[in-house]
Amino acid sequence: MNIEVKLADSVKKAISDLYGVEAQDSQIQLSKTKKEFEGHLTLVVFPFLKVSKKNPEATANEIGEYLMKNEPAISAFNVIKGFLNLTIAPAVWVEMLNGVNATENFGVKTATENAPLVMIEYSSPNTNKPLHLGHVRNNLLGFSISEILKANGNKVVKTNIVNDRGIHICKSMLAWKKWGEGCTPESTGKKGDHLIGDFYVLFDKHYKAELAELQSKGMTKEEAEAASTLMAEAREMLRLWEAGDLEVYAMWEMMNNWVYAGFDETYKMMGVDFDKIYYESQTYLEGKDKVLEGLENGVLYKKEDGSVWADLTDMGLDHKLLLRADGTSVYMTQDIGTAKLRYQDYPIDKMVYVVGNEQNYHFQVLSILLDRLGFKWGKDLVHFSYGMVELPEGKMKSREGTVVDADDLMAEMIATAKETSEELGKLDGCTPEEAFEIARTVGLGALKYFILKVDPRKNMTFNPKESIDFNGNTGPFIQYTHARIRSVLRKAAELGIELPSALPADLTLSEKEASLIQNLAAFPSVVKEAGDNFSPAVIANYVYDLVKEYNQFYHDFSILKEENESLRAFRLVLSENVARVVKTGMNLLGINVPDRM
RNA sequence: GGUCGGGUAGCUCAGCUGGAUAGAGCAACAGCCUUCUAAGCUGUGGGUCAUGAGUUCGAAUCUCAUCCUGAUCACCA
């Protein structure tokens with residue numbers, strides 16, 4: 001049993017025996033003792049003053065003495081103001097470490113037969129341009145949340161909805177047809193998604209030029225936009241696509257396939273994947289039935305012009321359009337359709353959408369609509385909303401070409417990691433393949449950790465220069481500490497030192513070691529907290545604290561030179577378990593931790 | 001203007017179910033490699049927790065107001 005739970009029970013019993021009152025769980029506040037005070041756990045006694053009818057010190061002393069007598073886990077206590085600091089007996093710590101050591105996959109639950117099924121939608125790219133920095137944050141969050149929910153015992157289905165249709169794709173197609181027909185990824189040596197993205201930018205360039213010319217002839221901006229032949233051609237292409245025109249459709253399919261090949265490469269490099277991919281071209285017509293059904297049930301209403309609306313004024317929101325007067329779908333209708341298909345495919349208990357915070361309103365509405373249309377998980381769907389990633393110079397705009405491309409960014413991170421590693425001589429004696437693998441692990445670890453350690457709700461500034469700093473609260477620092485622990489363990493194995501499966505209880509250990517065990521043992525509750533709050537940052541900051549603490553320990557003790565065999569064994573077991581938890585925690589963030597680097 | 005976020009050290013961020021003197025990292029300065037990987041460790045300086053009120057034994061944390069900032073309020077996705 002967890003020591004804090006055990007102590008909480010003892011405190012409860014103390015209150016009842018001493019004062020004849022049953023204490024509420026919320027009154028028992030046990031927290032880790034601050035490092036400037038002596039003790040391991042601190043009980044705040046203020047909530048008990050009313051029943052003890054004594055001052056804080058006297059109450060704390062009374063409870064402390066009761067615990068000393070009746071709770072064998074407590075070996076000492078001291079009182080400062082209203083705080084009762086409890087010292088836990090060394091044997092309890094050793095027992096705790098033995099418990100961690102004996103638990104396979106410590107901190108990770110596996111899904112049972114009837115575990116809830118959570119579907120997580122993330123990434124959701126458009127097929128007219130490559131992935132950029134915003135997608136990086138989305139993908140990393142989505143993947144990490146999936147891993148965290150899995151570790152909390154849920155069945156998880158990772159899904160991606162690819163926006164593969166619409167006017168933006170037609171713009172790329174038109175530009176390719178006009179100014180690049182015959183170009184392929186093979187002929188240009190470009191990744192497919194980059195090639196298509198270039199044509200999208202090209203379209204915009206020509207379109208802007210056309211508008212400028214029209215305006216120079218005296219048209220207003222609006223008139224020019226209406227008169228643009230390029231835009232008219234793009235719209236015509238979309239019409240042809242929707243009508244199933246063979247030539248347009250074939251071109252669309254070919255170009256999309258180039259893009260998918262490019263995306264696959266990016267996803268693979270990033271280390272994210274999906275269990276099921278949906279395409280909007282296959283789902284965008286699906287929502288209509290569901291909307292018409294809602295119309296029959298009276299959940300929705302029709303206006304005179306034939307358009308279909310939802311009245312959300314009772315929820316403090318507005319009226320929302322779901323079908324245009326001509327019967328075509330809008331974004332919301334498509335999301336309803338996708339939901340319908342997904343529910344046919346999987347028995348969804350909970351749905352999580354990883355989408356930027358600019359769509360908060362959309363998901364508020366979607367939740368209400370899915371609920372009213374009869375989806376049992378609609379009401380409690382989670383919009384995992386995250387803030388914008390900005391550059392120091394200002395916001396990114398894809399049409400202005402100032403976006404940070406995901407592929408370029410990853411390549412840059414890896415190159416920097418390689419450079420730094422070489423300078424420090426870390427790659428000496430590695431094969432080129434090993435060297436690249438280490439550079440990849442470190443470079444991507446830096447990127448992923450930098451992004452995931454920040455509260456997702458907050459807008460963040462991505463400073464490429466600072467992110468490549470390998471000191472401090474960074475992924476590489478954590479990876480490095482892990483590698484050093486593995487190195488010690490390797491050396492111990494070479495020396496023929498065997499690690500016992502259980503340590504004897506009669507060890508004396510330092511405050512630092514006790515504190516480390518305490519943090520280590522808290523891992524499962526950290527995983528739970530991260531799952532409850534959908535927060536990779538909770539894991540990231542926990543792992544950093546653990547590693548930081550271990551590092552101090554590491555510099556204070558020379559483990560292998562320790563002559564007391566049981567103390568040496570204890571420190572090795574402790575180190576090994578720190579390494580295990582670090583690895584598990586980092587894996588929950590989608591970050592690899594190598595054994596050597 | 002309505003709705004929803006955010007505002008903590010020069011910078012990037014933790015802490016937010018109320019608890020002790022508000023913590024890390026970066027940057028600056030000073031130390032530490034004959035010792036298991038120095039991508040490290042130790043120390044110093046740096047704060048009206050946006051502002052004001054309220055609740056409380058106790059507020060960065062909860063409530064209200066104000067200011068600043070972001071997103072959104074499309075028959076775009």
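Sequence lines set the chain letters: A, B, ... in the order given, protein chains first and strands last, and positions in each chain run from 1.
The residue from A:Asn357, A:Asn138, A:Asn459 that alone fulfils the side-chain hydrogen bond (donor to acceptor under 3.5 Å, both in side chains) condition with A:Tyr386 is A:Asn138.
Using a 4.0 Å heavy-atom cutoff across all strands shown, A:Glu280 reaches sugar-phosphate atoms only and no base atom. Among the atoms of the strands shown, base atoms are found under 4.0 Å from some heavy atom of A:Asp305. Contact annotation for A:Tyr361: backbone-only contact, meaning every heavy-atom pair under 4.0 Å involves sugar-phosphate atoms and none involves a base. If you check every strand for non-hydrogen atoms under 4.0 Å, A:Thr328 touches nothing. Residue contacts shown for A:Arg457 are limited to sugar-phosphate atoms, with no base heavy atom under 4.0 Å away.
When the C1' atom is used for both B:A22 and B:C16, the distance is 12 Å, rounded to whole Å. Of the P atoms belonging to B:G40 and B:G1, the separation is 49 Å, rounded to the nearest Å. Annotation: B:C13 and B:A27 have their C1' atoms spaced 15 Å apart (nearest Å). B:A39 and B:A50 are spaced 38 Å apart, taking the P atom of each and rounding to whole Å. As rounded to the nearest Å, B:A60 and B:G47 have C1' atoms that lie 11 Å from one another. To the nearest whole angstrom, the two P atoms, one in B:G25 and one in B:C62, are 27 Å apart. With both ends at atom C1', the span from B:A74 to B:C68 equals 29 Å, rounded to whole Å. A distance of about 24 Å separates the C1' atoms of B:U17 and B:U21, rounded to the whole Å.
Mapped onto RNA chain B by nearest heavy atom, A:Leu321 and A:Val454 fall at different nucleotides, with A:Val454 at the one closer to the 5' end. The residue among A:Ile559 and A:Gln364 whose nearest nucleotide of RNA chain B lies closer to the 5′ end is A:Gln364.
Stacking annotation: A:Tyr544 is not stacked on the base of B:A24 (requires ring centroids less than 5.5 angstrom apart and an interplanar angle below 30 degrees). Taking a centre distance below 5.5 Å and an interplanar angle below 30 degrees as the stacking criterion, A:Phe46 stacks against the six-membered base ring of B:G19. Here A:Phe83 counts as stacked on B:A20: its ring centre is under 5.5 angstrom from the base ring centre and the planes meet at under 30°.
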Pairs: protein N or O with nucleotides 27-35 of chain B N or O, under 3.5 Å:
residue: B:U35; atom: O2'; partner: A:Lys561; partner atom: NZ; Å: 3.0

Given Watson-Crick and G-U pairs under 3.5 Å, RNA chain B in dot-bracket ([ ] crossing, | other strand) is ((((((((.[[[[.)...(...]]]].(((((.......))))).....[[[[[..)....]]]]])))))))....

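Among the nucleotides B:A77, B:A20, B:C41, the one closest to any side-chain atom of A:Phe477 is B:C41.
For A:Arg490, the CZ atom sits in a packed shell: over 12 heavy atoms of surrounding residues, nucleotides or ligands are nearer than 6.0 Å. Counted within 6.0 Å of CD on A:Glu498, heavy atoms from surrounding residues, nucleotides or ligands total 12 or fewer; the atom is thus considered open. Around atom NZ of A:Lys32, more than 12 heavy atoms belonging to other residues, nucleotides or ligands sit under 6.0 Å away.
For A:Asn163 against B:C76, no side-chain N or O and base N or O form a donor-acceptor pair under 3.5 Å. A donor-acceptor contact under 3.5 angstrom links the side-chain atoms of A:Thr42 to the base of B:A20. Applying the 3.5 Å distance criterion, the base of B:U37 shares a donor-acceptor pair with the side chain of A:Lys426. In terms of polar N and O atoms assigned as donor or acceptor, the side chain of A:Thr474 never comes within less than 3.5 Å of the base of B:A39 in a complementary pairing. The base of B:A77 has none of its N or O atoms less than 3.5 Å from a complementary donor or acceptor on the side chain of A:Asp335.
Taking CE from A:Met388 and CE from A:Met460, the interatomic distance works out to 13.5 Å, rounded to the nearest 0.5 Å. Atom OG1 of A:Thr333 and atom NZ of A:Lys288 lie 10.0 Å apart (nearest 0.5 Å). Going from atom CG of A:Leu366 over to atom CD of A:Gln364 covers 11.0 Å, rounded to the nearest 0.5 Å.
Figure legend: A:Arg342 and A:Tyr278 shown as a cation-pi pair, the cationic atom lying under 6.0 angstrom from the six-membered ring centre and within 45 degrees of its axis.
Dashed line: the shortest gap from a side-chain N or O of A:Gln552 to OP1 or OP2 of B:U42 is under 4.0 Å. The shortest distance between the side-chain N/O atoms of A:Lys320 and the OP1/OP2 oxygens of B:C75 is not below 4.0 Å. Remark: A:Lys34 is in phosphate contact with B:A20, judged by side-chain N or O atoms under 4.0 Å from OP1 or OP2.
Between A:Glu236 and A:Arg239 there is a salt bridge, since a side-chain N of the basic residue sits under 4.0 Å from a carboxylate O of the acidic one.
B:C11 shows a glycosidic angle more than 90° from 0 and is accordingly assigned anti.
Ring centroid separation for the pair A:Tyr353 and A:Phe363 comes in under the 6.0 Å cut-off. A distance of 6.0 Å or more separates the ring centres of A:Phe203 and A:Tyr200.
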